[in-house]
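In the text below, chain A, chain B and the rest are named by the order of the sequence lines, each starting its count at 1.
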Protein chains: 2
Amino acid sequence: MSYIFNFGVPGFMDALSPEQQKLVEDAGSIRRYSHKQHLQSRGDQDQAFSIIKAGSVCFGKTDSSGKFIALATLEAGQCYGEFTVFAGLPRTHDGFTVGETVISHISKARFDRLLLDHPDLAGAIIRVQTLRLHQALEWIDDLRRYPLKYRLGKYLLFILASADGPRIAITQSDLADLMGVSRVAVSGVLADYRARGFLRPVYGGLEILDSEGLRKWLRSFLTLDPLVAH
Amino acid sequence: MSYIFNFGVPGFMDALSPEQQKLVEDAGSIRRYSHKQHLQSRGDQDQAFSIIKAGSVCFGKTDSSGKFIALATLEAGQCYGEFTVFAGLPRTHDGFTVGETVISHISKARFDRLLLDHPDLAGAIIRVQTLRLHQALEWIDDLRRYPLKYRLGKYLLFILASADGPRIAITQSDLADLMGVSRVAVSGVLADYRARGFLRPVYGGLEILDSEGLRKWLRSFLTLDPLVAH
DNA sequence: TCTTGAATGTAAATAACTTTACAATTGGAT
DNA sequence: ATCCAATTGTAAAGTTATTTACATTCAAGA
């Protein structure tokens, strides 16, 4: 899984040359975490740029009523903490590990120095942040324009593209958190997809049976969406 | 009005030093437009960075069914075209002028050279793009978490903050386009706000009567929102 | 002053989604 | 082999927003 607004957009590390990658990786200090360990809370003032070396991290926000909405689950190779380092913001999301996780942390001070010493990093950063902003605005349009019935299908195709088989390992509850809707709503859409022969729910995941059929069906609704056009 | 996801975030020009502003402004060529003149369509391949010198520009997307959803209306002093210049993307939105408008255009080639000659511009760009991304993610959370009843109030407070009086000049239809909902829904929420004494609809706009009352009322629902906390 | 297009207010039927609830199924642990 | 917690399927009632429709109000121009 990845930034759910961020499919098709390279992570920071991918946007860097091998030499730049080494520079950034060497600047960090390694820490290990167990499953479901708390990493940060929205509002925390610590500032650091972090690279996930193994495992994954789920980010989201919980309001006072206890409702959690996930923004993304980042996996090994991806980074977070850009907001604190690039814009000086406090932590914008709650974060916790999913599975045994290893993370390399770079303090803001150290990252700032890295950027001063290697101004060529700026180009990659601008490009990636701009692509992410673009994806975020596309997502906002999707949210306001299309019902869950179509958004979920689009999302599943994205997940499938980065999966290595027709099986997607995600519970309907987690899927609901990521789409920002109730589990019942997800369950209903999946039942509809099953009836159409697009997929088959299995315990703890989904098996996509006809991704091309799903894509074709979506294309007739999500008319201005090149991502589904593929 | 401004980027509706972007309140509190400086525009590019605001983030630059006076010398940098002059550099960027001097690089552009001026063009004049009449009211409701088409500027660009989603998918256009031309690449340029543009600064609105007078008037304003409305950006949004229209799908094949004809449904238009606005992203933002930018006013004098604000810029657009970052996606084409910073990330090489085609135009992401349809754009048209609102009122007599004057725009300064800088070609991508010229902007690239500007950035090469003045690498100190990169810091401001990174910061602004990161802040915008942050605002976009906050907006996404709002969309998924809160009903229109609360989102609209939050938006009105933002508009009010950059207005010079209690009167906001925007029709309910335009408000609906900006919120991505139907005019009827906006009308209903405004009727509710009127009943609560927060505002009074006037022809072609709104008159805010009790912004502090509205803020207080919102605060009890939008619990994790510092913007309303103010 | 009168006309006219734009904007507003409101109602009714429908669609999308939520919350709550409960039964059935699954897979791992003892 | 059995238990148990997690997951899934589904139903019902309520909320939010949509679409369509129509009457009313407003402001600007003839």
Student: Once you round it to whole Å, what is the distance between P of D:dA6 and CG of A:Leu175?
Tutor: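 Rounded to the whole Å, the gap is 19 Å.
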Student: In whole Å, what is the span from the CG atom of A:Asp174 to the C1' atom of D:dT8?
Tutor: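 Spelled out: CG on A:Asp174 to C1' on D:dT8 is 14 Å.
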Student: If you check every side-chain atom of B:Ser182, which of D:dT18, C:dC17, D:dG9 has the closest atom?
Tutor: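 Nearest to the side-chain atoms of B:Ser182, counting from C-beta on, is D:dT18.
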Student: Would you indicate which nucleotide in C:dT8, D:dA17, D:dT10 comes nearest to any side-chain atom of B:Thr171?
Tutor: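 Of the options given, the side chain of B:Thr171 lies nearest C:dT8.
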Student: Could you check whether A:Val186 gets within reach of a base, just the sugar-phosphate, or nothing at all, counting any heavy atom under 4.0 Å?
Tutor: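 Answer is nothing: A:Val186 stays at 4.0 Å or more from every strand.
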Student: What's A:Leu148 touching, base or sugar-phosphate or nothing? Going by heavy atoms closer than 4.0 Å.
Tutor: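 Counting heavy atoms under 4.0 Å across all strands, the contact made by A:Leu148 is with sugar-phosphate only.
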Student: Measure CZ/B:Arg194 against P/C:dT10 and give the value in whole Å, please.
Tutor: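 Checked: the CZ to P distance equals 5 Å.
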Student: Are the side chains of B:Leu89 and A:Leu131 in touch, meaning some heavy atoms are under 4.5 Å apart?
Tutor: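 The answer is yes; the side chains approach within 4.5 Å.
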Student: State whether a side-chain donor-acceptor pair under 3.5 Å links A:Ser50 with A:His105.
Tutor: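 Their side chains do contain a donor-acceptor pair, which is all the 3.5 Å distance test asks for.
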Student: Got a donor-acceptor pair under 3.5 Å from the side chain of B:Arg183 to the base of C:dG9?
Tutor: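 When only heavy-atom distances are counted, B:Arg183 does reach the base of C:dG9 through a donor-acceptor pair under 3.5 Å.
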Student: Which heavy-atom pair separates A:Leu206 from A:Val202 by the least distance, and what is that distance?
Tutor: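 Closest pair (atom of A:Leu206, atom of A:Val202, distance): N-CG2, 3.8 Å.
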Student: Starting at atom CE of B:Met179, determine the distance to atom P of D:dA17, rounded to an integer number of angstrom.
Tutor: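 Nearest whole value for this atom pair: 10 Å.
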Student: Round to a whole Å and report the spacing from OH of B:Tyr203 to C1' of C:dA6.
Tutor: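 Atom OH in B:Tyr203 sits about 4 Å away from atom C1' in C:dA6.
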Student: How is A:Val189 classified with respect to the nucleic acid when contacts are heavy atoms under 4.0 Å: base, sugar-phosphate, or nothing?
Tutor: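 Answer is nothing: A:Val189 stays at 4.0 Å or more from every strand.
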Student: Round to the nearest Å and state the distance from A:Lys67 atom NZ to C:dT19 atom C1'.
Tutor: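 Computing the A:Lys67:NZ to C:dT19:C1' distance gives 10 Å.
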Student: Angle class for the A:Phe68/A:Phe96 ring planes (parallel below 30°, perpendicular above 60°, tilted otherwise)?
Tutor: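 The rings of A:Phe68 and A:Phe96 sit tilted, inter-plane angle from 30° to 60°.
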Student: Whole angstroms only, please: what is the CD-C1' distance between B:Gln172 and D:dT25?
Tutor: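 Taking atom C1' of D:dT25 as the reference, CD of B:Gln172 is at 12 Å.
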Student: Let me know, please, whether A:Val181 or B:Gly205 comes out on the 5' side of the other along DNA chain C by nearest nucleotide.
Tutor: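 The 5'-side residue here is B:Gly205.
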Student: Separation of A:Lys149 atom NZ from C:dA15 atom P, in whole Å?
Tutor: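 Taking atom P of C:dA15 as the reference, NZ of A:Lys149 is at 11 Å.
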Student: Measuring from the side chain of B:Val184 (C-beta onward, heavy atoms only), which nucleotide among C:dA16, D:dT20, C:dG9 has the closest atom?
Tutor: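 Minimum distance to the B:Val184 side chain belongs to D:dT20.
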Student: Where does the angle between the aromatic ring planes of A:Tyr150 and A:Phe221 fall among parallel (under 30°), tilted (30 to 60°) and perpendicular (over 60°)?
Tutor: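 A:Tyr150 and A:Phe221: parallel rings.
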